Novice: 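Attaching a single structure in structure tokens format; questions to follow.
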Amino acid sequence: MPSISNKGRQMPASPIRKLVPFAEAAKKRGVHVIHLNIGQPDIKTPKVALDAVRNHNIEVLEYSMTQGSEAYRKKIADYYAKQDISVSSEEIIVTTGGSEALSFAMGTIMDNDDEIIIPEPFYANYNGFATASGVKVKPIVSSIDDNFALPPISKFEELITPRTKAILICNPGNPTGYLYSKAEIEQLAELVKKHNLFLIADEVYREFAYDGREHYSILQLEGLEENAIVVDSVSKRYSMCGARIGCLISKNTEVIQTAMKFAQARLSPPTFAQIASEAALETPQEYFDNVITEYVARRDTLISELKKIDGVKVAVPQGAFYCVVELPIADADDFAQWLLENYELDGSTVMVAPAAGFYASPGLGKNQIRIAYVLEKEQLVKAVQILRSALKKYKD
Ligand SMILES: Cc1ncc(COP(=O)(O)O)c(C=O)c1O
């Protein structure tokens with residue numbers, strides 16, 4: 001048989017999706033599975049976005065411009081202006097999800113065996129994008145004990161080698177829920193300038209900042225124009241994960257020109273989804289206010305329920321809609337599978353994401369899970385009840 005590539009062998013399976021066959025088997029047995037494992041919000045997509053697609057009478061569904069339609073990019077620039085971020089439409093490339101923006105970013109600035117420093121735990125697919133690009137992830141551990149705040153800058157400096165090309169942060173963080181402060185962003189900016197590195201910020205959860213905190217973008221920093229690359233997406237902002245639209249932004253013209261060559265190879269981002277995404281920019285502020293109120297209520301319910309379980313440690317999220325939970329067990333992979341294969345309470349069980357896949361350092365996160373609070377409060381309460389009784393039985 002012809003052999004597949006080493007790269008293919010090394011590609012990590014998604015820790016979020018790898019338990020799917022066990023969940024499907026549980027459903028076939030008639031068990032109701034509460035999904036806490038995946039960041040698919042149950043929030044309705046804004047009507048303006050869906051209507052724009054419904055009411056369009058396209059006769060030829062043609063390719064769009066490689067960098068995305070001009071009208072859409074201009075409106076994206078207007079959206080950033082409202083966030084106190086000054087970018088022009090030429091500094092934006094529309095991509096097929098934030099995912100494609102991440103792979104364009106890596107392809108644009110990194111060669112085989114170059115290194116990227118990422119605070120862990122991090123969005124698990126960063127491992128996948130790095131492997132696909134031949135890039136080495138150098139993780140720097142952040143701790144549940146201080147809510148996953150930015151590790152000391154000295155720890156970053158220890159990891160910098162001649163092969164280091166970039167630092168990647170996710171702000172607010174998936175899976176940590178941590179929102180970097182302006183001071184933390186400024187420290188990172190100093191560091192990348194000092195060592196001539198890129199700073200990539202995945203800001204797909206920008207709107208999801210809680211308790212009066214404000215998101216601070218790396219694009220708001222003066223003097224970082226050559227170093228900063230932002231990855232963005234409509235997936236979570238407008239609950240439009242299936243649209244597959246995101247963008248890559250940089251004021252560094254060489255970065256944009258190079259990323260454009262990757263973009264040309266895949267021709268263009270999806271046309272209908274751009275129409276929906278352009279219309280989504282008209283979403284009234286009230287929509288976001290309601291969504292944030294809903295997520296804060298869900299977070300508060302989830303955290304207070306989790307804190308009732310003996311031996312459980314949880315980082316309180318300040319943004320996004322995930323939290324990392326430390327459980328009084330040794331192997332969360334085994335526990336998550338066991339929940340789906342062997343446990344039910346009144347006909348229901350829960351599916352969680354084992355957190356080890358969100359770390360690059362072997363052995364870390366083995367007793368942690370990630371919970372996405374993308375379900376209604378009643379479901380969250382029920383899910384935590386199941387977790388609590390399951391933990392008792394599992395440990396016996
Ligand atoms: C942190 C982060 N970045 C990027 C993505 C990719 O999003 P999409 O490709 O749907 O825009 C996700 C999706 O969950 C995410 O959580």
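What you see is a predicted model, and the numbers here were worked out from it, not measured in a lab. The first residue in the sequence is number 1, and the count goes up from there. Numbering of ligands and ligand atoms starts at 1, following listing order.
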Novice: Just let me know how Lys236 lines up against ligand 1, side chain, backbone, both or neither, with a heavy-atom cut-off below 4.0 Å.
Specialist: side chain
Novice: Could you establish whether Gly39 and ligand 1 come within less than 4.0 Å of each other, counting only heavy atoms on the residue side?
Specialist: no
Novice: Among all protein heavy atoms in this structure, tell me which lies nearest to atom 13 (C) of ligand 1, with the distance rounded to 0.1 Å.
Specialist: Tyr123 OH, 3.3 Å
Novice: Determine the sole option in Asp202, Leu168, Val137 for which the side-chain contact (heavy atoms from CB on, under 4.5 Å) test with Phe122 is passed.
Specialist: Val137
Novice: Quick one: are the ring centres of Tyr210 and Phe208 less than 6.0 Å apart?
Specialist: no
Novice: Minimum distance, heavy atoms only, to atom 3 (N) of ligand 1: which one of Val231, Asp202, Asn174 is it?
Specialist: Asp202
Novice: At less than 4.0 angstrom from any non-hydrogen atom of Arg244, what atoms of ligand 1 do you find?
Specialist: 8 (P), 9 (O), 10 (O)
Novice: Which atoms of ligand 1 have any heavy atom of Cys170 under 4.0 Å away?
Specialist: 1 (C)
Novice: Decide whether Val296 and Leu380 are clustered together by the hydrophobic rule: side chain heavy atoms of Ile, Leu, Val, Met, Phe, Trp, Tyr closer than 4.5 Å, transitively.
Specialist: yes
Novice: For ligand 1, which is the ligand I care about here, please tell me if Ser235 has any N or O atom under 3.5 Å from one of the ligand's N or O atoms.
Specialist: yes
Novice: What atoms of ligand 1 come closer than 4.0 angstrom to any heavy atom of Gly97?
Specialist: 9 (O), 11 (O)
Novice: Quick one: which ligand 1 atoms are inside 4.0 Å of a heavy atom on Val204?
Specialist: 2 (C), 3 (N)
Novice: Considering only protein heavy atoms, which is closest to atom 7 (O) of ligand 1, and at what distance to one decimal place?
Specialist: Ser99 OG, 4.0 Å
Novice: For the residue pair Ser239 and Pro41, what are the closest heavy atoms and their distance?
Specialist: OG-CB, 3.8 Å
Novice: Is the shortest N/O to N/O distance between Cys241 and ligand 1 below 3.5 Å?
Specialist: no
